[in-house]
Structure formats: structure tokens, C-alpha cells
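Single-structure report; data block below.
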Number of protein chains: 2
Amino acid sequence: MAAKRQTRAPVFAALGDETRLSLVAKLCGGRPYSISQLTQGSKLTRQAITKHLRVLESAGIVHSVRRGRESRFEFDPQPIEGIKQYLDSVSEQWDQALSRLKSFVEE
Amino acid sequence: MAAKRQTRAPVFAALGDETRLSLVAKLCGGRPYSISQLTQGSKLTRQAITKHLRVLESAGIVHSVRRGRESRFEFDPQPIEGIKQYLDSVSEQWDQALSRLKSFVEE
DNA sequence: CTAATATGCAACCCGGCGGTTGCTTAAGAT
DNA sequence: ATCTTAAGCAACCGCCGGGTTGCATATTAG
């Protein structure tokens with residue numbers, strides 16, 4: 001699974017939009033929502049919401065399941081876990097840099 | 001500086017680019033880098049790198065300090081800590097949904 | 001002083017993104 | 001069989017983002 005590297009930028013990009021963030025906020029509650037349901041309350045068109053959902057889907061953050069005439073979207077946690085790990089590694093590097101600096105000053 | 005709330009989408013967007021991710025990777029090591037230094041090794045132009053740095057700066061992830069004729073960029077950890085917290089809340093919601101589902105199935 | 005280095009500024013190009021409108025097709029409801 | 005609701009498809013639009021080139025300016029080196 002080493003070939004999966006360098007693929008977290010699209011995940012960040014997918015989350016880099018307020019509309020998409022609110023969609024994620026709704027969907028991560030566990031319950032699936034149809035496109036129409038997700039459009040309710042939003043000032044945007046159904047097609048606009050659909051496009052945003054496709055972006056999230058391409059990033060692997062959600063997936064759709066056709067159910068009758070509606071397609072229900074469900075949350076998928078793996079990509080977000082992935083970027084959480086990445087951010088942890090960034091923080092860790094930073095913390096190590098800080099402690100190196102501190103011990104340097106102290107000596 | 002309290003009126004900064006609900007502004008994590010720009011942070012995600014700033015990280016939604018491979019070039020910017022590698023800049024962050026370099027800068028989070030603690031050592032400041034000038035624009036020319038950051039351009040070294042990259043196939044991009046100095047101006048391209050500069051633009052990326054400005055994007056990161058607007059998101060609060062880095063800041064520049066003028067030093068003589070060069071401007072050195074340094075990492076700033078707060079915005080990334082912010083989105084880490086946000087992602088934690090998403091994961092938490094998801095986990096709670098899972099456990100609710102589990103206990104529902106079990107009864 | 002002069003040359004070289006580091007950056008800033010501005011214009012420009014192109015492609016993709018966010019969003020809309022219009023029409024079509026698929027499934028339920030009556 | 002018909003009406004209605006959910007969604008897909010496609011074209012179109014304005015705009016911003018990533019990238020380049022060209023030139024101007026400031027600071028350091030010789």
C-alpha cells in the first residue's frame with residue numbers, strides 16, 4: 001500500500017469549501033441522506049449540491065447508494081483518518097523542533 | 001482577535017495542493033527558509049512558490065520575516081491545530097453514530 | 001561604484017470550480 | 001395510465017487559481 005502516497009491533497013481540497021464542510025457535518029452523523037434532503041435548507045440548487053457531493057465522493061469521503069429513485073449518500077471515515085495522521089506527523093515534527101531549540105537554549 | 005471563528009475552510013483549501021503540502025513539510029521542521037531556498041529543487045518558478053507562500057500566509061499557516069534582502073518564512077502551528085480539533089469532532093460524531101447503531105442492533 | 005542576488009509587482013494565459021438553467025429519464029403515488 | 005418527485009446530463013457563465021514572463025527595486029558582495 002505504498003503506492004497510495006501523496007494522495008491527501010485532494011482530501012484537503014475537498015474539505016476546503018464551506019458548503020462541503022456542512023455536508024460532511026451532516027453526513028458524519030451516520031444517517032444517510034438523499035440529494036433532495038441535503039438540498040433542503042441550503043440556498044443552492046440541487047445540481048450545485050450534487051456537484052459538491054461528487055467532489056466529496058472523488059476524495060473518498062462519501063459514497064452513494066442507489067435506493068429506489070433516490071441516491072443516498074453515506075459518510076466514509078478513512079480519508080479523514082488519513083489526513084488526521086498526516087497532521088499529527090506535522091505537529092510532531094514541529095514539537096520536536098521546539099524541544100531541540102529549547103535544549104539548545106538551555107545549555 | 002476573537003472574531004476569527006468558523007474559518008477553517010480556507011485552512012483546508014490552503015493544504016489542498018501538493019506543492020503547498022511540501023512547503024509545509026519543510027517549514028514545520030522549525031528552521032526558517034527564504035523564498036529562493038524554498039524554490040531550490042522545485043521545478044516551479046520563484047514567483048509560483050511565492051504565490052503558494054502567500055496562500056499559506058493568508059491561511060495563517062506561515063508568516064514571513066524580512067531579514068536583509070531576503071524574506072524568511074516560518075511555520076505557524078495554530079491553524080493546523082484548529083483543523084485537527086475540527087477533524088476530531090467529526091470522527092467523534094461518527095464513532096458515536098456507530099455505537100448507537102451497534103447498541104440498536106444488539107437489543 | 002558596479003555587479004550580483006533576493007524579492008516585489010503586474011500583466012497575461014488557461015483550465016477548472018462554483019453555480020445556474022433546461023431538458024430527459026427513472027420510480028413512486030393515485 | 002398519469003402525475004409527481006428524484007435524479008442525471010449537458011451547456012453555459014464568471015471568476016479565481018496555478019503558472020509564466022518581464023521589468024523594477026533593494027540589499028549585499030567585490
Side-chain angles (χ1 to χ4, degrees), chain A residues 6-27 31-76 79 83, chain B residues 6-27 31-76 79 83:
Chain A
Q6 298 299 26
T7 184
R8 64 257 152 162
V11 180
F12 282 118
L15 297 177
D17 180 284
E18 293 290 353
T19 303
R20 249 123 57 191
L21 279 184
S22 23
L23 289 174
V24 168
K26 241 177 226 164
L27 289 171
R31 197 189 133 189
Y33 286 90
S34 74
I35 296 179
S36 306
Q37 289 172 335
L38 290 170
T39 305
Q40 298 282 356
S42 165
K43 311 228 168 191
L44 299 181
T45 314
R46 170 180 59 88
Q47 284 81 349
I49 299 293
T50 302
K51 282 194 180 181
H52 284 296
L53 288 169
R54 297 301 173 202
V55 173
L56 291 173
E57 192 173 32
S58 301
I61 299 173
V62 305
H63 67 276
S64 71
V65 178
R66 197 80 199 228
R67 171 145 184 167
R69 69 176 152 184
E70 62 186 7
S71 78
R72 297 158 52 135
F73 279 80
E74 304 177 354
F75 181 69
D76 247 310
I83 64 173
Chain B
Q6 296 299 26
T7 183
R8 66 251 154 169
V11 179
F12 282 118
L15 297 177
D17 180 284
E18 293 291 351
T19 303
R20 251 126 53 194
L21 279 185
S22 19
L23 289 174
V24 168
K26 240 176 227 164
L27 289 170
R31 197 188 133 190
Y33 286 90
S34 75
I35 296 179
S36 306
Q37 289 172 335
L38 291 170
T39 305
Q40 298 282 357
S42 165
K43 311 229 167 187
L44 299 182
T45 315
R46 169 180 60 90
Q47 284 83 349
I49 300 294
T50 302
K51 281 194 181 182
H52 284 297
L53 288 169
R54 299 300 173 203
V55 173
L56 291 172
E57 192 173 33
S58 302
I61 299 173
V62 306
H63 68 277
S64 71
V65 178
R66 195 80 198 227
R67 171 146 184 166
R69 71 178 149 181
E70 60 186 9
S71 78
R72 297 157 52 134
F73 279 80
E74 304 177 354
F75 181 70
D76 247 308
I83 64 173

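Predicted model only: the values in this text are computed from it and were never measured.
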Nearest to side-chain heavy atoms of B:Ser34, which nucleotide of C:dG19, D:dA7, C:dT7: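 Closest nucleotide to the B:Ser34 side chain: C:dT7.
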Closest to side chain of B:Thr50, choosing from D:dA7, C:dG8, C:dA6: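 Nearest listed nucleotide: C:dG8.
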Pick the closest DNA chain C nucleotide for A:Gly16 and for B:Ser36 by heavy atoms, then say which residue is nearer the 5' end.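 The answer here is B:Ser36.
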Angle, rounded to 10°, between the helical axes spanning five pairs at each terminus of the helix from C:dC1-D:dG30 to C:dT30-D:dA1?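 Inter-axis angle at the ends, rounded: 20°.
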Using whole Å, report how far [atom1] of [X] lies from [atom2] of [N].
{"X": "A:Glu70", "N": "C:dA27", "atom1": "CD", "atom2": "P", "answer": "13 Å"}
{"X": "B:Glu57", "N": "D:dG17", "atom1": "CD", "atom2": "P", "answer": "15 Å"}
{"X": "B:Leu53", "N": "D:dG17", "atom1": "CG", "atom2": "C1'", "answer": "15 Å"}
{"X": "B:Asp17", "N": "D:dG19", "atom1": "CG", "atom2": "P", "answer": "6 Å"}
{"X": "A:Ile49", "N": "C:dG19", "atom1": "CD1", "atom2": "P", "answer": "8 Å"}
{"X": "A:Arg69", "N": "C:dA27", "atom1": "CZ", "atom2": "C1'", "answer": "6 Å"}
{"X": "B:Tyr33", "N": "C:dT7", "atom1": "OH", "atom2": "P", "answer": "14 Å"}
{"X": "A:Arg72", "N": "D:dA6", "atom1": "CZ", "atom2": "C1'", "answer": "13 Å"}

Between atom CG of A:Leu38 and atom OG1 of A:Thr50, what is the distance when rounded to the nearest 0.5 Å?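 So the CG of A:Leu38 and the OG1 of A:Thr50 are separated by 9.0 Å.
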Are OP1 or OP2 of [N] and a side-chain N or O of [X] less than 4.0 angstrom apart?
{"X": "B:Arg67", "N": "C:dA6", "answer": "no"}
{"X": "A:His52", "N": "C:dG19", "answer": "yes"}
{"X": "B:Arg20", "N": "D:dG18", "answer": "yes"}

With a 4.0 Å heavy-atom cut-off, tell me which residues in residues 41-48 of chain B come close to DNA chain D, sorted by residue number.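 Close to the strand are B:Leu44, B:Thr45, B:Gln47, B:Ala48.
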Any donor-acceptor pair, under 3.5 Å, between the side chain of B:Lys51 and the base of D:dG17, if you only look at N and O atoms?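 No pair found.
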Using ring pair (Phe, Tyr, Trp, His ring centres under 6.0 Å) as the criterion, list what pairs up with B:Phe75, not counting sequence neighbours.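 B:Phe75 satisfies ring pair (Phe, Tyr, Trp, His ring centres under 6.0 Å) with A:Trp94 only.
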Electrostatic pair A:Glu70-A:Arg67, nearest N-O below 4.0 angstrom: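 Salt bridge: no.
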